[in-house]
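Here is how names work: the chains are called A, B, and so on, in the same order as the sequence lines, proteins then strands, and each is numbered from 1. For clarity, every value in this text was computed on a predicted model and none was experimentally measured.
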Protein chains: 2
Amino acid sequence: MTPGTPRPERRGEPLSREIIVRAAVRLLDDAGESGLTFRTLAERLATGPGAIYWHISGKGELLGAASEAVIAGAISAGSAGARPPEAVRTLALGVFDAIDAHPWLGTQLAVNPLRPPMLRFFESIGRQVRALGVAPSAEFTAASALLNYILGVAGQNAANARAVSPTTKRAEFLATTSAAWAELDPDEYPFTRSAADRLRDHDDRAEFLAGLDLVLAGITARLAPPP
Amino acid sequence: MTPGTPRPERRGEPLSREIIVRAAVRLLDDAGESGLTFRTLAERLATGPGAIYWHISGKGELLGAASEAVIAGAISAGSAGARPPEAVRTLALGVFDAIDAHPWLGTQLAVNPLRPPMLRFFESIGRQVRALGVAPSAEFTAASALLNYILGVAGQNAANARAVSPTTKRAEFLATTSAAWAELDPDEYPFTRSAADRLRDHDDRAEFLAGLDLVLAGITARLAPPP
DNA sequence: ACCTGAACACCGTTCAAGT
DNA sequence: ACCTGAACACCGTTCAAGT
C-alpha cells in the first residue's frame, strides 16, 4: 500500500523555501503532525536537516508556512462578488473544505489563528457583516462570533481526525461514536444519548452550514436593521 | 522573582495518580505546555520519571487528566437550577474563566474536546437547548453550534496567551495588537483597520458573552417556537 | 506492589567544515 | 551563498534492578 520511500520531492533544483514548504505539506498529509520531523523532511528532500535551517527559521515557521500555503488558496478561491449571507457561507466552506482535505490544518487554525491569511479571512467576513447592515459598534462582535464558530469546528474536525486511524471512513467513525453514546446512562445523559441516533447519518458539512446559519440568523435578528 | 526550586509537591505520602495530576496542573500553570516534562514533573515529586508511569500511561493521559481535573470543577460549579438563556451563559462562563486561569486548557479543549467532562458539558448545554423549546430534529445542531463557538473562543484565548510572555498584561497585549492593526493598509484591510480602535478597550469576557448571545439569538429566532 | 534511575530511540537545533 | 551531517541538549518511554 504505502510505498516505503515516496518519490523524491526535488530533482536537481536547488532547495528553496517554496520547495521545502510544499514538501512539508505533503509530509503532513501523508504522516500527520507527528510525522513532520526535520530528519524525515530532509530525507525526502535528499539533504541533511541543517540545510532546511538556511531557508526556514525553525519548526514553528515551518508549520505556519505550511498552513498559510494551504489556507491562502482555499480562501481566495471563492470570494468573487457574492453577496452577504451567501458570501459568508462560501468563505466558511473554503476553510471547512481545506481542513477536510488537510486535517492537521484544523489544529493549526484552532490553536494559532490570525496569521496573515486568516487576517484576510477575518477581513472578508467583516466586510460581509457590514454588508448585512450591522452597526459599526457591533460589527467586531459579529465578525468575531462567526470566526470563533468556524475555528471551533476546525478544532473539532481535527480532533475527530486525530482520534481515528487515517484510513477510517467517516461513516465508520460516526457509527462508533453513535454506539458509544447510545450506551450512556439515560438518567445522566438523556440529551447526548438521544442524539446518538441522529449522529449515525450525520453530514459534517451540512451540519457546519446549519450552525453557521444559526450564527448568521442571530446577527440578523439582533444587529441588522429590518429591511 | 521566580524561585529556582518551587516547594516540593509531596512530603512523605506515597505517589498517586491524584498527586501526580495535581502537580502536573501546577507545573502547567507555572511553565506552560512546553514546561510539562516527565523529568521536571518527577523532580518536583522527588522521584524518577519512571515512577510516574506506574500511575499514568503516558503524556497524553497526563495532559488529559490535568484538563479533566480543572474543567470538572469549573463546570459543576454553577449549574444549579438556572433557566435556559441564563443557564447557558453560566455554563459557558465556567469554561471561559477556567481557561482564563489556565491558558493551556484552551489548547486542550479546542484540540481535544469531548473527553468525559466535556461530554457532561455538552449534555448540560443540550438540556438547556431543549428547555428553550427547540425541536428534537434541530437540538443537536443548536447544541453543537453553542459548543463550537465556545471551543473556538477557547482556542483563540490560548493562542493569545501563548503569543505573549506570561507576564504581559491584557491591556498591553490589546494595545500591541491594536497598534499593529492600525498600520494595516486601509485599502486592503478597511474592516480590520477600523476595528483597531475598538480593540484597545476590549473586554474579552463581555465580548465572549455578546457572541454567545448572538448564537442564542439565532437559535431562538430560527428554532424556538414563538411563546 | 511500587519505586528508582540508567539507557534507548528519538527529537529540534547548531555549527564547523565543505563546495 | 548554500549545503552537509555529525554533535548537542533535550525529549518520552522502557526496563532491569531494587525495596
State which residues pass side chain to side chain donor-acceptor pair (under 3.5 Å) with B:R22; sequence neighbours excluded, sorted by chain then number.
none

If I take atom CG in residue B:L15 and atom P in nucleotide C:dG5, what distance separates them, rounded to the nearest angstrom?
13 Å

Without decimals, in angstroms, what is the distance between B:I56 CD1 and C:dC3 P?
12 Å

Run the side chain to side chain donor-acceptor pair (under 3.5 Å) test against B:S67 and tell me which residues pass, sequence neighbours left out.
none

From CG of A:L41 across to P of C:dC11 the rounded distance in Å is 12 Å

Suppose we screen for side chain to side chain donor-acceptor pair (under 3.5 Å). Which residues come up paired with A:S34, at least two apart in sequence or across chains?
none

Distance, rounded to the nearest Å, where B:I20 contributes CD1 and C:dC3 contributes C1'
11 Å

d(CD1, A:I52; C1', D:dG5) in whole Å
12 Å

Give every pair of a protein N or O atom and an N or O atom of nucleotides 12-19 of chain C that lie under 3.5 Å apart, one pair per line with the distance.
residue: C:dG12; atom: OP1; partner: A:K59; partner atom: NZ; Å: 2.6
residue: C:dG12; atom: OP2; partner: A:F38; partner atom: N; Å: 3.0
residue: C:dG12; atom: N7; partner: A:R39; partner atom: NH2; Å: 2.7
residue: C:dG12; atom: O6; partner: A:R39; partner atom: NH2; Å: 2.7
residue: C:dT13; atom: OP2; partner: A:Y53; partner atom: OH; Å: 2.9
residue: C:dT13; atom: OP2; partner: A:K59; partner atom: N; Å: 2.9
residue: C:dT13; atom: O5'; partner: A:Y53; partner atom: OH; Å: 3.1

Contiguous pairing runs of three or more, Watson-Crick or G-U under 3.5 Å, that involve DNA chain D
C:4-8 with D:12-16, C:12-16 with D:4-8

Which pairs with one or both residues in residues 152-181 of chain B pass salt bridge (Lys or Arg N to Asp or Glu O under 4.0 Å), sequence neighbours excluded?
B:E33-B:R162, B:R170-B:D204

What ring-ring contact (aromatic ring centres under 6.0 Å, His included) pairs are there with at least one residue in residues 93-117 of chain A, not counting sequence neighbours?
A:F96-A:F208, A:H102-A:W104

Quick note, salt bridge (Lys or Arg N to Asp or Glu O under 4.0 Å) partners involving residues 90-101 of chain B, not counting sequence neighbours, are B:D97-B:R205

Give a yes/no on whether any side-chain N or O of A:W54 is located under 4.0 angstrom from OP1 or OP2 of D:dC3.
no

Residue pairs, two or more places apart or on separate chains, that pass ring-ring contact (aromatic ring centres under 6.0 Å, His included) and touch residues 22-53 of chain A:
A:F38-A:Y53

A:E123 and A:R127: CA distance, side-chain angles, deciding distance, salt bridge (Lys or Arg N to Asp or Glu O under 4.0 Å) verdict
CA-CA 6 Å; A:E123 173 71 27; A:R127 289 187 207 183; 3.1 Å; yes

